Asks: 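What follows is a single structure, and I will ask about it in a moment.
Quick caveat: nothing in here was measured; it's all calculated off a predicted structure. Order of the sequence lines fixes the chain letters, A, B, ..., with proteins taken first and strands second; residue numbering starts at 1 for each chain. Quick note: numbers below take in every heavy atom, side chains included, and nothing from hydrogens, waters or symmetry partners.
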Amino acid sequence: MINLVEIAKNQINDAIEKSVSKAIAAQQLPQVQLDEIVIEVPREKQHGDFATNVAMQITRQAKKAPRMIADILINHMALHDTYIEKVEVAGPGFINFHLKKEWLYQVLIAIEKEGADYGKINIGNNQKVMVEFVSANPTGPMHMGNARGGALGDCLASVLDWAGYDVTREFYVNDAGNQIEKFGISLEARYIQLLKGEDAFPFPEDGYHGEDIKDHMRDFIALEGDKYLDVESEERKQAFVAFALKRNIDKLKADLKAYGIEYDVWFHESWLYESNEVQETIDYLTEKGYTYKDEDALWFKATEFGAEKDVVLVRNNGIPTYFAADIAYHRNKFVKRGFERVIDIWGADHHGHVARMKGAMQAIGCDPDKLDIIIMQLVRLFRNGEIARMSKRTGRAVTLSDLLEETSVDAARFFFNMRQAGSHLDFDLDLAVSQSNENPVYYVQYAHARICSIINLLAQEGIKVQSTDKLNLSRLIEPEEIELLKKLAELPEEIKGAALSMEPSRITRYVLDLASLFHSFYNACRVKVEDEELMMARLKLVDSVRIVIKNVLNMLKISAPEQM
RNA sequence: GCGCCUGUAGCUCAGCUGGAUAGAGCAACUGCCUUCUAAGCAGUGGGUCAGGAGUUCGAAUCUCUUCAGGCGCACCA
């Protein structure tokens with residue numbers, strides 16, 4: 001868990017704090033209150049490795065010009081026993097820190113030591129966190145929104161894992177309630193229509209009109225024949241649902257597995273009814289006085305908890321709503337299973353539920369801040385520059401399996417994690433399929449393959465990567481080498497940032513940047529050179545880049561080919 | 001009508017808790033393969049950060065407002 005950026009920032013932070021105290025003691029500055037010191041990486045290289053704006057922040061308190069404050073601080077700054085090489089005042093009052101090269105060379109030692117674990121940090125402290133994602137309705141196939149949610153949720157879970165959380169991936173199977181009822185009626189209608197003709201049974205208006213319902217019943221008939229025509233409606237619907245639901249859930253599992261996603265838990269909504277937790281939850285809310293009856297339905301006073309409207313918990317027909325089960329589900333996550341934090345990933349079409357869900361959390365005595373709901377904007381699929389609504393092959397709505405048929409898992413996972421959850425995403429099928437420089441996933445993989453190729457070539461001549469204690473790392477001085485080293489050093493901080501902001505897309509962009517710096521290095525510097533000392537140092541550098549690219553791609557579950 | 005999200009280069013998007021000259025990829029144009037993979041690199045052009053007002057040393061970033069687009073406002077999930 002070596003984080004060199006953090007080490008450097010801590011040293012700088014320390015130096016600033018001490019310098020402020022000394023300046024105050026020397027009466028060059030009045031007593032000032034220091035908030036958290038902001039240390040950032042300047043955009044311009046000439047501004048050093050790190051910079052701080054403290055001098056500007058305390059301008060008002062100190063009643064001095066920012067540049068003057070900065071000068072005073074620099075004069076008191078003790079740099080011995082640190083990686084800081086040079087400090088200077090710049091611009092309106094920034095203090096810029098230049099670090100010794102030795103600091104950067106430490107990165108290679110860290111990567112050598114930690115290998116496949118380099119990048120892991122422990123801000124999570126093994127806290128139990130659940131990421132619930134996709135949770136597609138098992139009454140039909142998964143759509144593009146599920147595909148995005150899958151890539152996003154799975155990669156977020158990985159990022160949190162690397163950040164030191166104890167992560168559980170969960171899929172919530174909506175196998176109870178109203179939609180299963182509709183599913184049953186739809187299946188029944190298709191069964192009868194298939195056997196006795198379209199007019200034999202009216203198809204319910206609000207039923208599931210998809211072709212997949214017919215497919216289920218065709219296969220069912222192939223297995224069981226027409227014997228269910230004479231069975232009583234309730235019973236045969238149950239048989240149909242049991243048959244189709246299992247098939248759908250198996251398909252969900254298979255599709256998601258093919259997509260690189262394996263859940264720790266497939267949690268069934270029906271369990272909440274079987275264990276009576278839905279009723280318990282409703283009773284609890286009623287005891288607390290958070291419900292009321294109106295027109296024979298039971299309502300939750302969501303408006304008392306900041307929502308816009310009250311919500312029905314139990315319909316006038318006595319059947320609890322999805323929302324009632326969802327409250328019980330979240331109570332189960334926090335209270336029964338003891339998760340300390342829960343992240344739900346929802347499509348943008350569900351954003352209206354956020355306020356009431358958070359309100360319900362409060363009502364059942366859970367801290368709403370421990371529930372993070374990530375609202376993911378919807379996906380538009382493009383093909384030939386136009387919005388594609390239908391699959392080429394089936395002519396139906398494009399499903400996750402259609403997508404994976406047209407493109408690759410690597411491309412899909414990468415593309416869906418290039419954008420933040422909150423941004424509307426256009427998925428360009430042609431681009432994802434194209435095996436060209438336009439396709440960013442190849443760009444990263446190509447960098448990895450190129451490095452492997454160099455290493456293999458040298459290995460054939462008996463030249464192997466050596467451990468850092470045998471190397472003269474100070475031979476790495478070219479700008480392209482320095483930039484690479486810096487980028488390598490940033491990985492732990494990037495994981496921290498991605499985990500805290502819950503945005504795995506930051507990691508995707510990180511690895512793109514790293515690949516870009518490697519390609520620049522490749523064109524500017526040769527590894528295989530006459531000067532053996534230099535060659536060995538560079539070989540170590542590219543091997544370290546290889547490890548970091550591989551670590552990140554592993555984290556995102558994207559393959560890292562050794563040849564392309 | 002109300003609520004949430006979005007608006008940055010021709011296109012798709014970055015821009016981390018406000019910071020120094022607003023970036024990348026694609027597209028366009030110009031160069032670079034007899035030496036480690038050209039799925040690559042280097043360079044050029046391209047911007048009223050949707051418009052307006054405010055907050056302050058300093059705003060793409062925060063506040064207000066107008067405009068445009070997406071989504072949601074069920075005893076559906």
Asks: Using nucleotides 57-60 of chain B, report all nitrogen or oxygen pairs with the protein that are shorter than 3.5 Å.
Replies:
{"from": "C57(B)", "atom 1": "OP1", "to": "R60(A)", "atom 2": "NH2", "distance (Å)": "3.0"}

Asks: Show the atom names and distances, to 0.1 Å, of all donor-acceptor pairs under 3.5 Å that link a side chain in residues 61-68 of chain A to residues at least two apart or in another chain.
Replies:
{"from": "Q61(A)", "atom 1": "OE1", "to": "Q33(A)", "atom 2": "N", "distance (Å)": "2.7"}
{"from": "Q61(A)", "atom 1": "NE2", "to": "Q33(A)", "atom 2": "O", "distance (Å)": "3.0"}
{"from": "R67(A)", "atom 1": "NH1", "to": "G91(A)", "atom 2": "O", "distance (Å)": "2.7"}

Asks: If the glycosidic angle sits within 90 degrees of zero it is syn, else anti. Tell me which applies to C57(B).
Replies: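 Base orientation relative to the sugar is anti.
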Asks: Examine distances only and state if a side-chain atom of R148(A) and a backbone atom of Q377(A) form a donor-acceptor pair shorter than 3.5 Å.
Replies: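 Side chain of R148(A) to backbone of Q377(A): a pair is present.
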Asks: Nearest whole Å is fine: how far is G19(B) C1' from H47(A) NE2?
Replies: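 These atoms are roughly 11 Å apart.
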Asks: Find which nucleotide of RNA chain B each of V527(A) and F323(A) is nearest to by heavy atoms, and output the residue with the more 5' nucleotide.
Replies: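 Comparing both residues, the 5'-ward one is V527(A).
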Asks: Specify the residue among Y322(A) and E308(A) whose closest nucleotide of RNA chain B lies further upstream toward the 5′ end.
Replies: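 Per heavy-atom nearest nucleotide, the more 5' residue is E308(A).
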Asks: Relative to each other, are the rings of F427(A) and F416(A) parallel, tilted or perpendicular (30° and 60° limits)?
Replies: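 Tilted, since the angle between the ring planes falls between 30° and 60°.
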Asks: Under 3.5 Å between N/O atoms: give me all the protein pairs with nucleotides 10-13 of chain B, atom names plus distance.
Replies:
{"from": "U12(B)", "atom 1": "O2'", "to": "R419(A)", "atom 2": "NH2", "distance (Å)": "2.9"}
{"from": "C13(B)", "atom 1": "OP1", "to": "H424(A)", "atom 2": "O", "distance (Å)": "2.6"}
{"from": "C13(B)", "atom 1": "O5'", "to": "R419(A)", "atom 2": "NE", "distance (Å)": "3.4"}
{"from": "C13(B)", "atom 1": "O2'", "to": "R419(A)", "atom 2": "NH1", "distance (Å)": "3.0"}

Asks: Please report the interatomic distance CD(E295(A)) to CG(N316(A)), rounded to the nearest 0.5 Å.
Replies: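 Rounded to the nearest 0.5 Å, the CD-CG separation comes to 8.5 Å.
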Asks: Quiz question: going by heavy-atom distance under 3.5 Å, is there a donor-acceptor pair between the base of A20(B) and the side chain of N96(A)?
Replies: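 When only heavy-atom distances are counted, N96(A) does reach the base of A20(B) through a donor-acceptor pair under 3.5 Å.
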Asks: May I ask you to establish whether R356(A) and F300(A) are in a cation-pi arrangement, using a distance under 6.0 Å from NZ or CZ to the six-membered ring centre and at most 45° from the ring axis?
Replies: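 No, R356(A) does not lie over the aromatic ring of F300(A).
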Asks: Which nucleotide, if any, forms a Watson-Crick or G-U wobble pair with G3(B), using both distances under 3.5 Å?
Replies: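 C71(B) - that is the nucleotide pairing with G3(B), both distances being under 3.5 Å.
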Asks: What's the spacing between E277(A) CD and E269(A) CD if we round to 0.5 Å?
Replies: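 Here the interatomic distance stands at 12.0 Å.
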Asks: Expressed in whole Å, how much space separates the P atoms belonging to C5(B) and A14(B)?
Replies: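 Straight-line distance between the two P atoms is 16 Å.
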Asks: Could you state the atom-to-atom distance from CZ of R43(A) to P of G18(B) in whole Å?
Replies: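 R43(A) atom CZ is separated from G18(B) atom P by 16 Å.
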Asks: Can you tell me the Watson-Crick or wobble partner of A28(B), both distances under 3.5 angstrom?
Replies: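 U44(B) is the nucleotide pairing with A28(B).
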Asks: Ring stacking, Y446(A) with base of G40(B), under 5.5 Å and under 30°?
Replies: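 No; centroid distance or tilt outside limits.
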